Each structure stands twice: as C-alpha cells, then as structure tokens.
Asker: 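If you scroll down you'll find the structure; I have some questions about it.
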2 protein chains.
Amino acid sequence: MVSIKDVAKHAGTSFKTVSRVVNKDPGVREETRLRVQQSIEALNYRPNSAARMMRNQKSGVIGFLSDEVVTQPYAGDILLGAQQVASEHDKILMVVNIEHNRRHQQQALDMLLERRVEALVLASYFHREMEVPPEMLTVPSVLVNCFSTVEQLPSFVPDDEQAGFDATRLLLEQGHRCIGLISLDPRIEAARLRLAGYQRALQQAEIAFDPRLVVQGEGLAGQGSCSTQEAVDSLMALQPRPTAIVCGKDEFAMQVYFLLLRFGLRVGHEIALTSFDNQRLIAPNLSPGLTTMALPHLAMGRAALGHLFKPQADNSIRRLPFSVIERESHLLTS
Amino acid sequence: MVSIKDVAKHAGTSFKTVSRVVNKDPGVREETRLRVQQSIEALNYRPNSAARMMRNQKSGVIGFLSDEVVTQPYAGDILLGAQQVASEHDKILMVVNIEHNRRHQQQALDMLLERRVEALVLASYFHREMEVPPEMLTVPSVLVNCFSTVEQLPSFVPDDEQAGFDATRLLLEQGHRCIGLISLDPRIEAARLRLAGYQRALQQAEIAFDPRLVVQGEGLAGQGSCSTQEAVDSLMALQPRPTAIVCGKDEFAMQVYFLLLRFGLRVGHEIALTSFDNQRLIAPNLSPGLTTMALPHLAMGRAALGHLFKPQADNSIRRLPFSVIERESHLLTS
DNA sequence: CTGAAAGCGCTTACAG
DNA sequence: CTGAAAGCGCTTACAG
C-alpha cells in the first residue's frame, strides 16, 4: 500500500507537508499543495485510517447492535435513521446482527470495544425489554425500540398507548360505540399499551369498557393456541355485534378481511377496521385500503443518534408518536 | 484507555510478555501467564484493534455496500447470509447504505477504502444491472442480486427463469392448460426471465404460447398506468378464460384474491394461483395460503462471501435456485 | 521462557 | 511556509 512517505518522495517534499495537504491545513504554499495533490492522484494515495485512529485516539465509529432489525420488514428504517444522523456528524456506524445469540452478542461487543467505538446503540425489531450487557455501560449508549428496567439508559420507543388511543378514536369519530379489539399476546409490551390507549379512548367517549370486546388474536410464537379466526368468531357471537374492530397488527387485519366475509360482512361497508404497523406490503394492497398506525422507525433511529451527540445525558424513556395513515377501512360506505 | 504497557506494569513484566499472553503464544510460563491474565482482567484491558491493524497491515474488514438491502422486506437476509460466512472466517462486515445517492456512494467507498477493506460486496434489493464504481476493481469484489455487463465481476443472482418455469409447472401438473401471467414491468430483469421460464414450461407441455395470456400488472414506480385490476379484467375477458394465473409477485397475488371475487371466482376453488417472493407477511396470511417461489436471499449472501474466500477467481454469473413454497393456492378443491 | 529494538502510518508540538 | 523528532499501541524478528 502506498503511504504518505511514498507521496512525499514522489512530490519531492517531506511527508509532513503531504500530511498538511491531506488535512487541508492552511499553511501550505499553493504551488507545493498542487504538486502534492498531483502526486496523491498519481499514486492513488488514501490515508490509512488505522494510523489516524491510533494517533487521534478516536475511532469515529459507533457500534449498532441489531436484534433482527435488518431482517424484519421495515425495522431496517431504524438503522437508516441512525445512519443518517451518524453521517451528519461524520461518524460511521458498525452494524452487527446479534440474532438472540448470547455468544454472538458477546463476540460482537468485544469486537466493537476493541475497535474503540465511541458509542453503542442497541436496537430491537419489536418494542420490548432487553437485557443490557454490562459492557454497554462503559461507553455512551442508547436503546432503540427497547428498554431496560434495571439499567438507566436513554431509550427511544414507540408510543403504543397513543397509537391505541388514535386507532380507537378514528372509529369513535365515525360514530361507532361497540368496538372490538383483537389484541396481541399480552406478554408483548405493545399489547398492554395499545389496550390502555383503547380503554382511554372509550373512557373519553364515555363508553363503558366491556372486556368481552377484547379478544386475543394469537399466542406468542409456538405458545398460544388462539387464532385470529377464533378471535373473530367470538366477536361476531356477541350481542350486540361490534360494528368496528381495532386489529392488533396488519397481519390480523388482513386475515380479518377474509374471515368477516364468512359472516357476510365486507370491511368498509358493513364493518370498519383500523390496525397497527402500516406494513407497506399489506395495508395499501387490501381493498378498501387499510387505515393503520405507522411505527416511527426512522424517527426512533434518528432521535437515538441525535441524543448521543447532545451534551445532556438524560436517561429517560422517550415515546415517539405513530403516524395515522388514513386509507378507507375505517369508513363505511354503502 | 489502558494499554499493553499499563498491564505490563501492573503484572510486573515486560509489555512483550503481555502481548504473548493476549495472542496465546505458547512460550509463556504458566505462572506468568496467570499473573498477566489477572492484570488484564483487573484493568479491563482490551487490545486496540487500530494498532493491530496497522502492525499487521490488514483490517479484517469486508465492506458491504447495500442498495436498500436493509430496508426492503426480507432483502436483509442477503446481509444475514453474508455476515454468517464472514464471521466464520473471522472477518467483520462494514455495512453502508447507499440508497441510490451518488455522492453518498462515493463517500462510503472512500471511507471503506481508507479503512483498508479486504474485499467489497455490492448488493441490491432487487435483481438488476448496477453500475460498478471503478474503485471496486482495486480490491476483490462480488455482486449480489445484481450484475454488470461492463465489468467482469463474480455475481450471484436468483434464477428467475427457473422460478418462472417452476411456478408454471406447478399449475400444469394440476392439469391447467390455459394459464395467465400477470407480469412485472418488462424493464425489470426478473420480468423477462420469469416470462422465459413460463414459456419454456408451456413449450415442454406442448402448449402453444398465447401472448394475450400475458398481461402487465403495473408500470415501474410512477411510470405505468396499468394496474392489477386492468390486468385481471383483461384476463377474465378472454375466451376461454384462464383457469390458473401466475402472478409476478405476492403483492399482485394478494390483490388478485380480491379482484377475482368480483367475477365470482375464489382462489383455490374456481381458479388456481402461483406467485413469486414468499413475502412472509402476505403469503401465509391469505386463505387459501399462497403457493409462491421464495427468493434465495440468504443463499446469495452466503455464496457471495464464500466466493471471496476461495482461491479461484471465476468471474461468471451464478444463478441460485428459488425454493418452491407449496401452500394451497395452486390446488383446486370444490 | 523473557526482553529491548525497530517500525507499521500517521499527527502533534516544536524548530527553523 | 517547511521539516525533524517523538509517540499513538501494537507485533515481528532477534537476543539473551
């Protein structure tokens, strides 16, 4: 590899002068600068960042520990947002997938710390509590789409309570008074919070909460036996029947479109629907289009990185708002 | 930061001995090794990888230039596969999103080359031709899910022709003789190849190709005016009507489930469907489940990285097979 | 089995 | 405006 000395020899100057040109130091005669510049291009010289890092005692790298963020649909937007802000601050992100694997996680962390990362980001593909490895406390760190109850770390999560409220409010505004909720597994953080939002919306509309209107759409992976079909069946068996349903996620909603047909009910005609996630593969392709709450993935990624570059170290949990994506499923047309 | 010298002082030895312990050199007395080990833990010492890189003249890093691979659903599996193989070879991947942006791409490339990446991977989220930046030719490089007609680089892409063949064959095996194809925009590589596979399957079944059975489901982003609805309408207007349809992607298929209802046709009963992509958000949630061809994302990522670690430098295009994911949509039940 | 010297490619601080 | 010296934290090659 060609080094600063090779360039110096080629340009007939000292290597220190080359360093000045590379770093755009002002104190170089224009003529010398030009000559060095030409040599740099002639030899295709690139400064060795390892040498720079060693001398400067900083790496310019921020570690990004990803729990399936890059493989789950759209969660990659967290990474995208993080990369945007990092790049604005001339930092580069080093991304490692940890994929639930303890040993991998430890190896990844060791590797990142040996590379002297200046900060660490731990991001999950869904909103949940995570165990924070103790090494994370040795450098500035933030959590994205996850939180810890044992370690005090700044944490950026979606505001699932607000989303639950808004998804319900949209239906209340259309005059519905009997609104079902097909819930996620209650062990999921989002399930609890969205339910709370649903209840708050009802309360604000002065409608008594009826627990029979809340049914579970599925168990956690491989654990539950309840299905979306059972959930729909039990809602449809109620007297009076709900005239609208809040679906715990777009996948539920998609299934519900089909399941309701068996009761002679068409979404957007006899029954209204709202949902969560704004999966771009699902929501716009249903007809009528699915009205759903979009997760603030990009904003969480941006906010988390932004926080790292701010002086204040406030270790609280920030809840970022969902966006209401209004299509047609929450409206009824005859 | 604590260095090798600090550890040496703490352990009462020379820093060279510490280096030996860290690198597991055999020639160290057990007693000394233990003492040094304790000092390492006491001081929480971690070798500085920048110093190592400089001394060893290699970075252990492979650059991964991603064109939306981490943000598009499931394309992240390319990265996952790449990371698996890199990790098996004790290399680490440095991922940068380039997102169509020329300037970003140049910056990313410069950064990676200054970090002395030992190889480069350029990956696209869909199968297409890409412009290869000239700097890529200065280090070993591979293309994933994309190819170049001007530069000779090893390239790993999905075998869209085979997929088209298989998606059609599944329907032929069920006795269908009149099979529609709702095609992607023909400017897309996959559209051309899948059509070729469709035609080969028909030919092998000794069925004459009828161009009226091939309709376009959409134009490229913002360009075409043709919709899935028009495509379905024109297929349904044919005499005789097709009894089965190959859909260019799962999103088409999803829409087709709904659109066919207007003709009184239920997928899996009066009409059979196959498709491409195996979007896990869509295919299993349709009823009946969608039979579709799964893209070999993980395999492409793995194969591409594997190629970098092999001695031979064969610059040809490898086409990796799709998997047939059989659900129920290609079968008819009354 | 252990250590002193040299050098990887840079930058910082000081001279000229 | 330009240069020689020292040092960042390691490893390689050579002595003892």
Side-chain angles (χ1 to χ4, degrees), chain A residues 1-40 43-61 90 92 110-118, chain B residues 1-40 43-61 90 92 110-118:
Chain A
M1 273 268 98
V2 21
S3 86
I4 208 173
K5 288 185 185 166
D6 302 315
V7 178
K9 195 175 296 172
H10 187 275
T13 168
S14 82
F15 66 87
K16 177 58 230 178
T17 301
V18 178
S19 170
R20 284 200 179 86
V21 173
V22 170
N23 293 298
K24 308 200 195 326
D25 275 20
V28 178
R29 207 175 0 143
E30 183 59 15
E31 185 201 313
T32 338
R33 206 188 60 72
L34 229 60
R35 194 152 37 87
V36 170
Q37 202 57 264
Q38 282 165 357
S39 298
I40 286 175
L43 300 177
N44 195 21
Y45 166 74
R46 278 171 204 282
N48 181 325
S49 79
R52 278 185 158 170
M53 276 167 53
M54 201 157 99
R55 196 53 258 224
N56 294 336
Q57 296 290 76
K58 58 183 178 185
S59 64
V61 176
D90 288 319
I92 110 111
D110 285 340
M111 181 278 286
L112 290 171
L113 290 169
E114 289 181 9
R115 285 176 190 271
R116 300 293 187 263
V117 288
E118 297 170 10
Chain B
M1 273 267 96
V2 23
S3 87
I4 207 172
K5 287 185 185 165
D6 301 315
V7 178
K9 195 174 295 171
H10 187 275
T13 168
S14 82
F15 67 87
K16 177 58 228 177
T17 302
V18 178
S19 170
R20 285 198 179 89
V21 172
V22 169
N23 292 298
K24 307 201 197 326
D25 273 19
V28 178
R29 208 175 0 142
E30 183 59 16
E31 184 201 312
T32 338
R33 205 187 60 72
L34 229 61
R35 196 154 34 90
V36 170
Q37 202 59 262
Q38 281 164 358
S39 298
I40 286 175
L43 300 177
N44 195 20
Y45 166 74
R46 279 171 204 282
N48 181 325
S49 80
R52 278 185 157 169
M53 277 166 52
M54 201 159 99
R55 196 51 258 226
N56 294 337
Q57 296 289 79
K58 57 183 178 186
S59 63
V61 176
D90 288 319
I92 112 113
D110 285 340
M111 182 277 287
L112 290 170
L113 290 170
E114 289 181 10
R115 285 175 191 272
R116 300 292 189 263
V117 288
E118 297 170 11

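Numbers restart at 1 for each chain; the letters A, B, ... are given by sequence-line order, proteins then strands. Just so you know, these numbers come straight off a predicted model, no measurement behind them.
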Asker: In chain order, what residues pass the side-chain contact (heavy atoms from CB on, under 4.5 Å) check against B:Phe15, with sequence neighbours excluded?
Answerer: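 Counting only residues at least two positions away or on another chain, B:Phe15 forms a side-chain contact (heavy atoms from CB on, under 4.5 Å) with B:Ile4, B:Lys5, B:Ala8.
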Asker: Taking atom P of D:dC10 as reference, at what distance in whole Å does atom CE of B:Met1 sit?
Answerer: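 Interatomic distance, CE of B:Met1 to P of D:dC10: 10 Å.
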Asker: Please report the distance, rounded to the nearest Å, between CD in A:Gln57 and P in D:dA6.
Answerer: 19 Å
Asker: Please state how far atom CG in A:Asn48 lies from atom P in D:dC8, giving the value in whole angstrom units.
Answerer: 18 Å
Asker: Nearest-Å distance, NZ (B:Lys9) to C1' (C:dG3)?
Answerer: 17 Å
Asker: On the nucleotide C:dC1, are OP1 or OP2 found under 4.0 Å from the side-chain N or O atoms that B:Thr17 carries?
Answerer: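 Looking at the OP1 and OP2 atoms of C:dC1, neither is under 4.0 Å from any side-chain N or O of B:Thr17.
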Asker: Test: side chain to side chain donor-acceptor pair (under 3.5 Å). Region: residues 48-59 of chain B. Which pairs qualify, not counting sequence neighbours?
Answerer: B:Asn23-B:Arg52
Asker: In the structure shown, which nucleotide is the Watson-Crick or G-U wobble counterpart of C:dA13, with both distances under 3.5 Å?
Answerer: none
Asker: Phosphate oxygens OP1/OP2 of C:dT2: is one of them under 4.0 Å from a side-chain N or O of B:Thr32?
Answerer: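 B:Thr32 to C:dT2 OP1/OP2: side-chain N or O found under 4.0 Å.
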Asker: How long is the line joining CZ of A:Arg116 and C1' of D:dC10, in whole Å?
Answerer: 11 Å
Asker: How would you summarise protein contacts on nucleotides 11-16 of chain D per nucleotide, using B for base, S for sugar-phosphate only and - for none, with heavy-atom distances below 4.0 Å?
Answerer: BB----
Asker: Between A:Thr13 and D:dG3, is there a contact of a side-chain N or O with OP1 or OP2 at under 4.0 Å?
Answerer: yes
Asker: In this structure, how many angstroms lie between the P atom of D:dG9 and the NZ atom of B:Lys5, rounded?
Answerer: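 Checked: the NZ to P distance equals 8 Å.
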Asker: Do A:Ile40 and A:Val22 make a side-chain contact, defined as non-hydrogen atoms from C-beta onward lying under 4.5 Å apart?
Answerer: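 With C-beta onward as the side chain, the pair touches.
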Asker: Strictly by Watson-Crick or wobble contacts shorter than 3.5 Å, is anything paired with D:dA4, and which nucleotide is it?
Answerer: none
Asker: Can you tell me the distance, in whole Å, between the CZ atom of A:Arg115 and the C1' atom of D:dG9?
Answerer: 15 Å
Asker: So, does A:Arg35 use its side chain to make a donor-acceptor pair with the main chain of A:Ala11 at under 3.5 Å?
Answerer: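 Yes, because the side chain of A:Arg35 sits within donor-acceptor range (under 3.5 Å) of the backbone of A:Ala11.
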Asker: Can you figure out which of C:dG3, C:dT2, D:dC10 approaches the side chain of B:Tyr45 most closely?
Answerer: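 Out of C:dG3, C:dT2, D:dC10, the nucleotide with an atom closest to B:Tyr45's side chain is D:dC10.
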Asker: Between A:Arg46 (side chain) and B:Glu114 (backbone), is there a donor-acceptor pair under 3.5 Å?
Answerer: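 A pair under 3.5 Å: no.
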Asker: Heavy-atom distance under 4.5 Å between the side chains of A:Arg115 and B:Val61, does that happen here?
Answerer: yes
Asker: Measure from CG on A:Asp6 to P on C:dG9 and round the result to the nearest Å.
Answerer: 8 Å
